[in-house]
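Here's the structure we're looking at; comments come further down.
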Amino acid sequence: EAKIQGRNRYLLFQQNLLSLSQARLRIENSLRRAINEQKGFYLEYQPKINIQTEQICGVEALVRWQDKELGSLSPADFIPIAEHTGLIVPLGYWIFEQALIDLKTLQLKGIDLHSMSINLSARQFEEPSLLDHLLALLHRTGVKAEKIDLELTESAVMRSPQEAIQTLSRFQQERMTVSIDDFGIAYSSLSYLKSLPASRLKIDQSFIRELEDGNDDYAITASIIEMGHNLGLKVLAEGVETQAQCALLKKIGCDEIQGFYYSRPLPLEKLIEFIQQHNDGLNQ
Ligand code: C2E
Ligand code: MG
Ligand code: MG
Ligand code: MG
């Protein structure tokens with residue numbers, strides 16, 4: 001008995017020693033298998049709201065992974081690993097295709113969203129065949145390119161701004177729009193911002209979290225909105241959780257908001273319910 005206990009304790013000890021790199025390796029292996037089998041991934045959608053009209057102006061697709069061994073993992077846990085290993089490329093195509101299929105489903109239900117936002121990580125963005133691949137998927141699903149908004153983080157853009165400007169302008173030529181995600185935390189060079197082929201800045205949620213009239217986050221947020229507008233861009237605030245944040249953002253001229261205050265990211269069926277209820281509420 002003592003021996004078994006000792007062994008258990010040893011196993012526990014060993015488990016605690018499971019280093020970060022081993023944990024990463026486990027996730028990587030499961031990720032590879034899940035991508036090969038195309039199993040365990042699904043998408044949720046978070047509505048984006050026009051702050052003036054309160055209309056839903058689009059949704060953002062967010063990937064979810066429920067692994068049969070690892071359980072459910074958040075994108076923060078597996079997207080960086082998928083990026084690092086290049087697995088984000090095949091996963092990204094799956095995400096894009098699934099989002100287009102779901103957009104079609106919404107259209108068939110009479111819900112014609114203005115746009116579907118899809119996140120692209122830097123690694124996907126650097127793939128030379130990305131645009132051709134996306135165009136082929138649009139063609140195959142019959143979704144119009146102008147329905148698609150691509151979200152790229154400010155830090156991904158700033159990794160190599162000149163290349164990013166070229167690639168983004170090619171997306172724009174194909175009539176897709178571009179949003180700069182997590183804006184405000186990556187030390188953008190303002191001279192690049194001026195020539196960035198984008199239509200929207202998404203203010204990072206770290207500025208919204210403690211947003212209050214007159215505080216530093218308020219000053220930064222108001223400045224981003226003013227600068228964005230002067231550059232001809234729409235400005236969206238991410239991570240809006242309260243009525244107070246919403247009112248303040250409206251006061252300082254923010255165009256769009258996204259966050260738990262209106263809705264968490266939802267699976268497709270719940271999204272359909274949300275949109276129907278929301279629109280009924282607006283029409284009353
Ligand atoms: P992101 O693109 O900036 O997405 C916004 C994140 O904020 C999402 O987390 C969303 O669930 C969360 N969020 C939305 N509203 C609120 C709020 O009011 N409060 C708080 N606390 N959080 C809110 P999620 O889904 O965990 O995704 C995290 C990041 O993972 C994303 O940040 C994006 O960079 C990446 N990611 C997610 N899905 C995809 C994808 O399909 N492809 C790629 N390449 N990256 C993705
Ligand atoms: Mg995003
Ligand atoms: Mg963001
Ligand atoms: Mg983010």
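Values below: every heavy atom of this structure, side chains too, minus hydrogens, waters and symmetry copies. Ligands are counted one by one from 1 in listed order, and the atoms in each one are counted from 1 as well.
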Would you say Gln245's side chain and Glu241's backbone share a donor-acceptor pair under 3.5 angstrom? yes
Could you tell me whether Arg170 and Glu174 have a side-chain N and a carboxylate O separated by less than 4.0 Å? no
How open is the angle at the Mg ion (ligand 3) from atom OD1 of Asp182 over to atom OE2 of Glu238, rounded to 10 degrees? 150°
Taking all heavy atoms of Met227 and all of Leu201, pick out the closest pair and write down the distance. CE-CD1, 4.4 Å
Salt bridge (charged side-chain N to carboxylate O under 4.0 Å, His left out) partner of Arg200, the single match among Asp255, Asp181, Asp149: Asp149
Under 4.0 Å, heavy atoms only, figure out whether ligand 1 is touched by the backbone of [X], its side chain, both or neither.
X	value
Gln205	side chain
Val240	backbone
Arg264	neither
Pro265	side chain
Arg209	neither
Asp182	side chain

In Glu151, which N, O or S atom comes closest to the Mg ion (ligand 2)? OE1
Identify, by name, the N, O or S atom of Glu60 lying closest to the Mg ion (ligand 2). OE2
Would you find more than 12 non-hydrogen atoms of other residues, nucleotides or ligands less than 6.0 Å from Glu226 atom CD? no
Taking only heavy atoms of [X] into account, list the atoms of ligand 1 that are under 4.0 Å away from them.
X	value
Gln124	44 (N)
Gln46	14 (C), 15 (N)
Ser121	44 (N)
Asp181	1 (P), 2 (O), 3 (O)
Glu241	17 (C), 18 (O), 19 (N), 20 (C), 21 (N)

Are any of the heavy atoms in [X] under 4.0 Å away from ligand 1?
X	answer
Ala76	no
Arg64	yes
Gln258	no

For Phe78, enumerate each residue passing the ring pair (Phe, Tyr, Trp, His ring centres under 6.0 Å) test, keeping only those at least two apart in sequence or located in another chain. Trp65
Answer yes or no as to whether an N/O/S atom of Asn119 is found below 2.8 Å from the Mg ion (ligand 2). yes
So that I can check it, does any N, O or S atom in Asp181 come closer than 2.8 Å to the Mg ion (ligand 2)? yes
Based purely on interatomic distance, does Val63 place a nitrogen or oxygen under 3.5 Å from a nitrogen or oxygen of ligand 1? yes
Leu120-ligand 1 polar pair, N/O distance under 3.5 Å: no
Between the side chains of Lys109 and Gln276, is a donor N or O closer than 3.5 angstrom to an acceptor N or O? no
Residues that Arg209 engages under salt bridge (charged side-chain N to carboxylate O under 4.0 Å, His left out), provided they are two or more places apart: none
